[in-house]
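One structure is given below, encoded as structure tokens.
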Amino acid sequence: MKAPRTHTISMAGQHEVCAQFSRIEWGAVPNPYEDFGIDVLVHARDAQGNDKGLLVGVQVKTGKSYFKEAVKEKDLPKGWIFRESNREHLDYWLDHALPQLVVLHDPSSRESYWVHVTAAAITRTTKGWKILVPSQNRIDGDHAAALLDVAASGRAAVSLEGSIWSRG
């Protein structure tokens with residue numbers, strides 16, 4: 001039985017993205033069993049490697065087709081437009097308790113580019129929605145602080161003050 005090429009390309013991209021997060025000392029955990037739009041869960045860590053107790057959901061899109069719609073500024077790539085017709089994915093990400101990233105992975109260069117999925121960043125279209133994935137947003141040490149800001153943007157924890165619940 002032959003594995004579909006799209007599957008092997010997709011899985012290679014997910015592994016590469018996990019490795020890139022590992023190189024900035026973040027904990028990347030593939031999500032193969034409960035994948036409903038989140039391929040990887042990432043544990044955010046600061047520059048000293050301290051786990052911050054923050055998680056980020058990551059949807060990885062791998063392949064040259066995701067880089068076809070380039071947005072250029074003065075002949076330089078400003079980024080790429082990611083489009084999707086499935087509005088359920090978008091609503092799921094926007095309503096999720098965890099901040100969500102869409103990551104475009106280029107298997108040729110082995111570079112990955114991310115965007116934080118927020119209501120302000122997306123544009124709804126007649127066929128679904130779209131978002132600009134900036135070319136400067138790479139998963140690397142130079143952008144770890146920006147990624148940590150995204151991780152910290154998650155919803156505040158539910159307060160149990162005044163309830164009957166306790167930690168002990």
Side-chain angles (χ1 to χ4, degrees), residues 5-84 89-90 92-94 96-123 129-155:
R5 181 154 169 69
T6 55
H7 177 74
T8 56
I9 290 171
S10 174
M11 292 308 299
Q14 288 180 32
H15 291 302
E16 288 284 340
V17 168
C18 286
Q20 290 165 343
F21 276 109
S22 292
R23 283 193 281 281
I24 64 169
E25 297 187 28
W26 284 35
V29 181
N31 185 28
Y33 302 112
E34 294 292 327
D35 179 6
F36 298 106
I38 300 174
D39 295 320
V40 179
L41 292 168
V42 183
H43 297 262
R45 297 185 180 133
D46 65 18
Q48 292 73 38
N50 298 309
D51 194 283
K52 303 306 289 179
L54 303 169
L55 291 172
V56 178
V58 178
Q59 174 71 44
V60 180
K61 298 295 185 179
T62 304
K64 293 179 183 179
S65 65
Y66 294 105
F67 294 90
K68 286 183 180 177
E69 195 173 345
V71 175
K72 295 196 176 190
E73 192 172 85
K74 296 182 182 177
D75 296 327
L76 296 172
K78 182 178 178 181
W80 303 270
I81 299 294
F82 171 73
R83 294 179 181 274
E84 187 166 310
H89 261 153
L90 176 63
Y92 176 70
W93 293 330
L94 292 176
H96 207 284
L98 300 178
Q100 301 294 315
L101 300 177
V102 168
V103 173
L104 303 184
H105 178 72
D106 181 345
S108 300
S109 68
R110 298 175 98 177
E111 292 284 350
S112 299
Y113 306 89
W114 60 269
V115 64
H116 182 194
V117 180
T118 64
I122 62 106
T123 301
W129 60 279
K130 65 182 180 177
I131 192 167
L132 174 68
V133 181
S135 60
Q136 76 267 12
N137 286 4
R138 291 192 171 113
I139 302 171
D140 58 22
D142 291 340
H143 298 93
L147 286 163
L148 189 54
D149 288 344
V150 170
S153 74
R155 292 186 183 160

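From a predicted model like this one, the values you see are computed outputs, not experimental measurements.
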Ionic contact status for R45 with E25, cut-off 4.0 Å: no
So does [Y] get a backbone contact from the side chain of [X], meaning a donor-acceptor N/O pair under 3.5 Å?
| X | Y | value |
| --- | --- | --- |
| N31 | L41 | no |
| D39 | Q59 | no |
| D46 | N50 | yes |

Proximity of F82 and W129 rings by center, below 6.0 Å: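 Distance test on ring centres: under 6.0 Å, yes.
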Centroid-centroid distance, W80 to Y113, less than 6.0 Å: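 Yes, close enough.
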Verdict with supporting geometry, H105 and K61, side-chain contact (heavy atoms from CB on, under 4.5 Å): CA-CA 6 Å; H105 178 72; K61 298 295 185 179; over 6 Å; no
Residue pair Q100 / H116, side-chain donor-acceptor N/O under 3.5 Å: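 Distance-only check fails for Q100 and H116.
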P107 versus K64, closest heavy-atom pair with distance: CD-N, 4.5 Å
Distance-minimising heavy-atom pair for A44 and A151: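 What the structure gives for the nearest pair is CB-CB, 3.6 Å.
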Pairwise side-chain contact, L132 with V71, heavy-atom cut-off 4.5 Å (strictly under): yes
Contact check, side chains of F21 and V40, non-hydrogen atoms, under 4.5 Å: no
Parallel, tilted or perpendicular: ring planes of Y92 versus H96, cut at 30 and 60 degrees: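 Y92 vs H96 ring planes: perpendicular.
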